[in-house]
Amino acid sequence: MGDAAETSWDEKSSLSDSSGKPSATTPLLSSASSAIVDVPTHKDEFSNLASEDAKILREQVVIPPVKTNLFSVFRYATASDRVLIGLAFVLAIMEGAVKALMPLVFGAITETFTNYFRGFDMNNSTYDEHSHFSAYNSSIYNSTAYSSTDYFDGFEYISPDDFQRRVNYLALFFVYLGIADFVLSYSATFLFIDRGEVLSSRIKENYLAAILRQNIGYFDKLGSGEITTRISSDTILIQEGMSEKLGYITENISTLVTAFIVGFSFNYKLTLMMMSIAIFIGVAFIYTSGRMTRYFRLSLEGSSAGGSVAEEVLSSIRNVHAFQMQDRLAEKYSVYLDISEHWALRAGIAVGAVTGIMWLGVYSDDALGFWQGAHLLARNEITVGQIITVLAAMVEGTFAITNITPHIRSVTTGMAAANKIFTTIDRVSAIDTYSTAGRKIEDLKGDIELRHVRFIYPSRPAVTVLHDYSLKIPAGKTIALVGASGSGKSTIVGLLERFYSPLAGQVLIDGVDITDLNVKWLRQQIALVSQEPTLFGCSIFENVAHGLIGTKYETASLTEKRELVTEACKQANAMVFIDTLPEGLFTNVGERGFLLSGGQKQRIAIARAIVGNPRILLLDEATSALDTKSEGVVQDALDRASKNRTTVVIAHRLSTIKDADNIVVMRRGEIMEQGTHDELIAKQGDYYGLVKAQTIEAAEEEARADRERAYVEDNVEMALEEKVIAMNDLSQVKTANTLAPINTSASVFAGEIEEQARKYTAWELVKFILTLSQEENRLNLIGTFFSTIQGLGYPSLGLFYGRCVQAFQAIPDYDYMLREINVFAGLFFMLASVELIASICALGIFAYAGQKLVRRIRIGTFMQIMRQDIAFFDRDENSIGALTSTLSRDAQAVEGLSGATFGQIMNSVMIVISSIILSLIVAWQLALVCGACVPILIGAGFYRFYVLTLFQEQAKQSHQVSATYACEATSAIRTVVSLTRENDVIDHYHSTLDGQIRKSRKQSNASAFLYGLAQGMIYLIMALAFWFGSQFLKTREYSLFQFYVTFMSVVYGGQAAGIIFSFAPDMGKAYQATANVKALYDLQPQIDVWSKEGEIPQDVEGNVEFRDVHFRYPTRMQVPVLRGLNLTIKKGQYVALVGASGCGKSTTIGLIESFYRPLAGQVLLDGQDISKFNVNAYRSHIALVQQEPILYSGSIRENIQLGALEPVTDEQIVAVCKQANIHDFIMSLPDGYDTLCGSKGTLLSGGQKQRVAIARALIRDPKILLLDEATSALDNESEKVVQAALDAAAKGRTTIAVAHRLSSIQKADTIYVFEGGVVVEAGNHNELMAIKGRYYELVKLQALEKNA
């Protein structure tokens, strides 16, 4: 893939060098980078304008910065919240102090042990420098002469009974510490989590309220996903930063401070010496963890950029299949994966360094503490107990430093997120919908006047949209605004709704300047129906009832509201289909109304607009996206709705506005002419030109009404017929011999892929991972070796610690003690160095191997997804969002069984195994008792993580519900503010969040309880170990060496091994993700682009034939689409397919492209069944131009090259661009063919994109050209240019066009009229007009012929 990447990726791209590999100088790979692309220095975009103009525009978009600090996140805390948060801080400080008090008990008990053994040896005179411990002497032990406490040579000697009493007394302190730690950590954690949840919910509410009050110009400057990210991600970051993470920081700071206090109060000299290590470790840890975070962020940015490419590709999968772009787009995706891998590898090494530095600190503390402590002891400046206390306190302090850093990152991230959110909350909106200021006109008539208005969009300050614009709209009249895209029609609607402020002039309603009117009241007098109607995820009834907000019926009873809604739906011609729905008015329309068709949504939007009986109705291209029949019904509804109210209509289709009282023709922000339809036609000016472009003439109103009635009757007839045909079809399907196998393989993914994934055994998945990571398996073995060395750290600690403590019992033989301590202090330092190197090597190697695996899985999954046939992508579960997230999530999750996680798991496993083996060898009885407690310790940790994961999953789902609701409202902001739904949205959002808080309180309580239990359990196990061990020490069955080796290995080792369960969620996710990836790898599509099988079409001429084709979409098997389709297309013919929505036109195109296989019948190319051909060889002769032109990020040249199967020359590209009527435009651009198109071609207009798409289709010199509504989304002027390009492209090849606008296909050789999945008429335009059948009706509906 490396070589191909050169040609497929932008030579000018900032993300790759000429080799196609990530360049070290690219923004994403440069060490100074903080973003995906270099951000230009800020420039005031309004500086070229007059100061007054700049001020008006600036206040609509500028977001003044806000200063935030740690306490800003608590700005919505009430007095009781402050008390509870204060209490949580106090409890966390106390808990931290408890941890630092443990060394006091530990030191005291160790001193008791050494004194007891030293006294015993002295009294028995059995000690010599060569023996490490004496044999048990029962006569001495049982001697009554042995006093309970004696002093000999200045040292204290303790009797066995007194020794046991002292140990029991001190062990109880561990119990007290355990209980205290449990109560304090449980209470503090619960309070922090609970208040964090409550306060972050308030921030969410205030943020949403602030968003809904912003003027529309603010949204024009925001990225589409930014508000969604703020609500769904940033508020969670704030919550993390202000809840338990803040508690952990407070607790660790308290531990650090108390540890130093303990140390200084016992021996300031030793504490000062050991502080040097703490400071060094602290600085090194902060530096390396900072680098680690930065590398992870840069890696994430690389994969996010790759995710954008993947999303771009998957959202245009039909295009990818049609042009066989899979490999070239995979290479493009691969470039970003290289970037992600580059930084993730460095992050892995940094993780190793962070871990290694922590152990370097801990073991260096032991080395320095014992070495210098022994010298101070020899000079009688310190006692054994004080050495152990200071040493243990300093180790606790070191752990506290390393624990603070990751949590500080959460808090600072939360503060950064809070800053962005508070910036919006504190922004003063230029047009404030919540303001109560402003007049309200008592008896509004609806007279509108625009007087000398000049307007510029704040987001496009270089373009003046309206120049000195004046227009009067009398009350109760219908006025239509027409003109090319960009002429300023929709701007008038935006100004009337007060979405924007004009720079000069006035907008008046009933003679009052709208800036003097109350914003909310004004919007309640106006109803808006847009081109893309936005419905909300609730019932039809609720959607329509939203139109009653602000009217006297807002608080009416349900019965009253229902009557009003029903009446509005009847007027909007919507009850016809609502009555057929199972739940009628109370049918849920789905998110953004996706469960309804375009025409149905539009009619509900009209009902919503008229239910409140507004004085002013604004219709912004309300029918442009509909087919002829749907348009007819909706237009009729609009005509009824506009009676007796001031109506402003914007339309591209001029047939919809010929009855308007006044038609205003606009061009570039100026009025060119105005008058009625007949007056303007007579003038033969701009309007006449537009009409001619659509070849429209007037048709009688009565005739249209008749047609509408006939259509409604027809519709009912078809609905009845549908049931019969469906039943007949199903019975025929069972017996038909020509049936092709129904594609079920595609249905495996998503819903059923999980079922498939569950069938894999653990061994199958391990084999799968081993196969995938075959190239790195040798590296993994080396990594395992280093992990083993890492894991031996705790047993080594036990051995060295035991020997150092035992050396103290040699006192008063200080020379022997110092010799022993010096040796083992040196070994401690050696252990520190080995652990540092082993950690960096182990985690670095695993990170390298893990990242290679993640990259391989990502690219493999991406290729595998692109390999699937189109039926796979039709399933709801396989939405672009779901697949993109699978791509990014599953590959990353698999790292939970590889990479750094695998390294930590291996480390924990080695600690457990080596500690248990060593302790069983040294002191098996103590090892068994202490070892039996370790599963309890580990179990508490595991169960907490298990519960936490479960809770997080539930919390994520409930957060998703509230986030989805908030995002739905903000993405439809124009609809929300025009309906003045702001308070309604916030109230609903508040109740959703309230429910979440109540639900999660129980979960937070359980999580905090288990956390407290795990914390307190450590001290209880220590108490047990010291008490039980003392029984053996008292009788001399075990020496100090044996006790400390076992204690350190098992108790501390078990505690460290418990960290393995912090990876349990990762391991669980990795297991599921691996199963998902394997299931996808095993998925075989029915139409397989990887297959080499099938015949290669020879000498293709371009004859296409459908022979009795039956088809149903695999996702909608109950709906017949084609029911025995027969049609023949000769080579070189221009054939058009026309008919109402849903009649099977686009399905026919899909079958020709071999996106699907027919259930019965055959699709033939030059007399051969296309299912017999090799799919890639067959598709190489076909090119597709769709309704929505699809371009990819990269240059115009690259986009055109994507259509070719072989490398093409610049001359060939220029030739096809001339054919596509786009060459001159490209050459007018500064960068010519190297001009970047932007993501999904956003930097080009619709017409320009469409012509580039035509050039891409022509570069492959296809025998068959498929045009699927290639001009329907364009305005008149763009349509003319694109249509000319299409007519030129069609010459000399078979062309099959689907069209709604019948004016675009009048010249076709044959027009096939579809209805109900079959051809009902065929012939050229004149022949079909003569028949006066279905085609004639469609033409009449569009009023295409004067004398039809």
Side-chain angles (χ1 to χ4, degrees), residues 42 44-47 49-69 71-76 202-223 226-227 229-231 234-235 238 415-440 455-461 494-504 506-507 513-524 966 969-971 973-974 976-987 989-990:
H42 178 69
D44 183 8
E45 55 193 337
F46 305 116
S47 55
L49 301 169
S51 60
E52 194 55 37
D53 292 356
K55 180 172 174 276
I56 292 169
L57 293 176
R58 202 175 279 121
E59 70 181 11
Q60 291 182 70
V61 291
V62 166
I63 308 168
V66 170
K67 285 185 178 175
T68 50
N69 55 40
F71 299 104
S72 302
V73 292
F74 298 109
R75 69 150 78 168
Y76 297 115
R202 284 189 204 145
I203 290 171
K204 283 181 195 175
E205 270 183 63
N206 281 279
Y207 178 68
L208 182 62
I211 282 290
L212 295 179
R213 87 185 301 166
Q214 300 305 325
N215 53 285
I216 298 297
Y218 169 86
F219 296 94
D220 294 345
K221 296 289 279 183
L222 276 186
E226 191 166 327
I227 296 169
T229 306
R230 296 269 176 274
I231 283 179
D234 286 5
T235 49
I238 293 173
M415 279 169 59
N419 184 270
K420 293 171 188 169
I421 279 176
F422 290 138
T423 301
T424 302
I425 291 174
D426 294 344
R427 181 181 185 268
V428 178
S429 174
I431 302 165
D432 189 356
T433 56
Y434 295 169
S435 170
T436 52
R439 286 179 58 188
K440 297 177 184 178
F455 179 77
I456 293 175
Y457 279 104
S459 56
R460 299 201 302 275
L495 288 171
L496 289 174
E497 279 275 10
R498 243 196 119 193
F499 289 160
Y500 302 96
S501 302
L503 298 185
Q506 292 175 297
V507 180
D513 191 324
I514 62 170
T515 55
D516 297 331
L517 296 173
N518 178 273
V519 179
K520 188 167 271 194
W521 176 87
L522 170 70
R523 288 175 182 165
Q524 284 166 353
T970 52
S971 62
I973 187 68
R974 286 166 188 260
V976 170
V977 297
S978 66
L979 291 168
T980 64
R981 265 200 73 203
E982 296 93 340
N983 293 341
D984 176 44
V985 167
I986 291 160
D987 291 345
Y989 190 56
H990 172 77

Quick check: closest heavy atoms across [X] and [Y], and the distance to 0.1 Å?
X	Y	result
I431	F499	CD1-O, 3.8 Å
P458	G217	CG-CA, 4.4 Å
S501	Q60	N-OE1, 3.5 Å

Quickly, which of L496, T433, I514 forms a side chain to side chain contact (heavy atoms under 4.5 Å, CB included) with L522? Name it, please. I514
Check step by step if side-chain contact (heavy atoms from CB on, under 4.5 Å) holds for I203 and F422. CA-CA 9 Å; I203 290 171; F422 290 138; 4.0 Å; yes
Reported OG-to-NZ distance for the pair S72 and K67, which is rounded to 0.5 angstrom: 11.5 Å
Just by distance, do the side chain of [X] and the backbone of [Y] share a donor-acceptor pair under 3.5 Å?
X	Y	result
D513	Q506	no
R202	Y76	yes
T980	Q524	no
N419	V66	yes
R523	R498	yes

Please lay out, stage by stage, how R427 and Q214 fare under the test side-chain contact (heavy atoms from CB on, under 4.5 Å). CA-CA 8 Å; R427 181 181 185 268; Q214 300 305 325; 2.5 Å; yes
Is there a side-chain contact between Y434 and L212 (heavy atoms, below 4.5 Å)? yes
With a 4.5 Å heavy-atom cut-off, do S435 and V519 have their side chains touching? no
May I ask you to decide if the ring planes of F455 and Y457 are parallel, tilted or perpendicular, using 30° and 60° as cut-offs? perpendicular
Any luck finding a side-chain donor-acceptor pair between T424 and Y218 under 3.5 Å? yes
How about R439: does its CZ atom have over 12 heavy atoms from other parts shown lying under 6.0 Å from it? no
